Amino acid sequence: MKTWFRRRYLDLLGSIYIYNEHRGYRSIDRVLEAVRRRAPGDHALIAAIEKHRADERKHYVMFRRWFELRGEMPYHIDRTCGHIDRFVEIMFRSTIDDLDTDQIVARDELFERLCRVITLTEQRGYRQVEILLRHPLVRGDPVLMRIFAIIERDEPSHWAPYEGWLRAHGKRDPNWWEHAIDSFIHSELLFLKLPLLFLHPRLRRRTEWADAQDPAERLASPFSLTPAH
C-alpha cells in the first residue's frame with residue numbers, strides 16, 4: 001500500500017508538472033509574439049523571454065525522460081490543473097489560446113497585467129520547488145530530485161524580465177488582490193484537485209506526448225538525467 005501511494009503521488013506530481021511545463025513554453029510563444037511587436041528594439045527583454053521559453057522546454061523534456069525511465073505515460077491532466085491557465089482565465093476572462101495578442105500589444109494596462117501574472121506564477125513555482133526538494137517522497141527519487149534542483153536554479157531568471165519591465169516603465173508591483181488570486185489557484189490545486197485526482201479510480205493516461213505536434217522539437221534533449229555522484 002505504501003509503495004502504491006508513493007508511486008501514485010509521484011505519477012500525479014510528474015503529470016501536473018509536465019502539463020504545466022509544456023503549457024508554459026507554448027504560452028510563452030504568445031508572449032514573445034506580443035513583445036516582439038510591442039518593443040522590437042528591446043533586444044535584452046526579448047532574449048530574456050527566449051531563455052525563459054527554452055528553459056520551460058528543457059524542463060518539459062526532463063519530465064518526459066523521467067516518465068520514459070519509469071516506462072509509463074503521464075496521466076491525462078488538462079488546463080484545470082494549469083496555474084498559468086487559471087490565472088489568465090481569471091485576470092483576462094479568456095483562455096490562453098483565445099487571448100487577444102493584438103489587444104495586449106495595443107493596451108499598456110493589459111501588457112503590464114500579463115507581466116504581473118507571469119511574475120507571480122514563476123515566483124509561486126520557485127517556492128513550490130523549494131518545498132518539493134524537502135518532501136520525503138520526492139527525496140526518495142534521485143532523478144526527480146535532479147530535475148527539481150535544475151528547476152530551482154533556473155526559476156529566478158524566469159520572472160526577472162517581466163518584473164524588470166514593470167519597474168523600468170514605472171508600473172506597479174502585484175497588489176494584494178493579485179497575490180490572493182495566486183494563492184487561491186495554488187490552494188485549489190493542492191487541497192481540492194490533487195486529492196480528487198489521487199482518488200479517481202479510472203484516471204486515464206495520455207496516449208501520446210504533449211509535444212507530439214510541436215514542430216522540430218521532438219525529443220531534443222541537451223542533458224542527462226543521470227544523478228551526479
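Keep in mind it's a predicted model, so treat the numbers as computed, not measured. Computation of the quantities below employed the complete heavy-atom set of this structure, encompassing side-chain atoms and omitting hydrogens, waters and symmetry-equivalent molecules.
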How long is the span from the CH2 atom in Trp159 to the CZ atom in Arg124, to the nearest 0.5 Å? 12.0 Å
If I take atom OG from residue Ser15 and atom CG from residue Leu197, how far apart are they, to the nearest 0.5 angstrom? 9.0 Å
Does Arg23 form a salt bridge (charged side-chain N to carboxylate O under 4.0 Å, His left out) with Asp97? I'd like the steps, not just the answer. CA-CA 10 Å; Arg23 192 61 160 161; Asp97 293 331; 3.3 Å; yes
Do [X] and [Y] sit within salt-bridge range, that is, some charged N less than 4.0 Å from a carboxylate O?
X      : Y      : result
Arg113 : Glu109 : no
Glu50  : Arg53  : no
Arg167 : Glu163 : yes
Glu33  : Arg37  : yes
Arg206 : Glu72  : no

Could you tell me whether [X] atom [atom1] has more than 12 heavy atoms of other residues or ligands within 6.0 Å of it?
X      : atom1 : result
Arg172 : CZ    : yes
Arg79  : CZ    : no
Arg127 : CZ    : yes
Trp4   : CH2   : yes

Please determine whether residues Ile46 and Tyr25 belong to a single hydrophobic cluster, defined as Ile, Leu, Val, Met, Phe, Trp and Tyr linked transitively by side-chain heavy-atom distances below 4.5 Å. no
Backbone N/O of [Y] and side chain of [X]: donor-acceptor pair under 3.5 Å:
X      : Y      : answer
His169 : Trp165 : yes
Lys193 : Thr80  : yes
Asn20  : Ile16  : yes
Arg30  : Leu99  : yes
Arg70  : Trp66  : no

Here's one to test your reading of the geometry: is the NZ or CZ of Arg116 within 45 degrees of the ring axis of Tyr162 and under 6.0 Å from its centre? no
Answer yes or no for Arg205 and Tyr75: cation-pi contact, defined as NZ/CZ to six-membered ring centre under 6.0 Å and angle to ring axis within 45°. yes
Might you work through the salt bridge (charged side-chain N to carboxylate O under 4.0 Å, His left out) test for Lys58 and Glu21, ending with a clear yes or no? CA-CA 9 Å; Lys58 178 180 71 177; Glu21 299 295 350; over 6 Å; no
is_close_aromatic([X], [Y]), centroid dist under 6.0 Å:
X      : Y     : result
His22  : Tyr19 : no
Phe87  : Phe92 : no
Phe198 : Phe5  : yes

Per side-chain contact (heavy atoms from CB on, under 4.5 Å), Leu194 is matched among Leu199, Leu12, Leu13 by Leu12
Tell me yes or no: between the side chains of His83 and Asp182, is some donor less than 3.5 Å from an acceptor? yes
Do Glu130 and Tyr126 make a side-chain contact, defined as non-hydrogen atoms from C-beta onward lying under 4.5 Å apart? yes
Does Arg153 reach the side chain of Ile150, with side-chain heavy atoms less than 4.5 Å apart? yes
If you compare all heavy atoms of Met145 against all heavy atoms of Leu133, which two are closest, and at what distance to 0.1 Å? CE-O, 3.6 Å
Check each of Asp211, Asp214, Asp85 against Arg26 using the salt bridge (charged side-chain N to carboxylate O under 4.0 Å, His left out) test, and report the only one that passes. Asp214
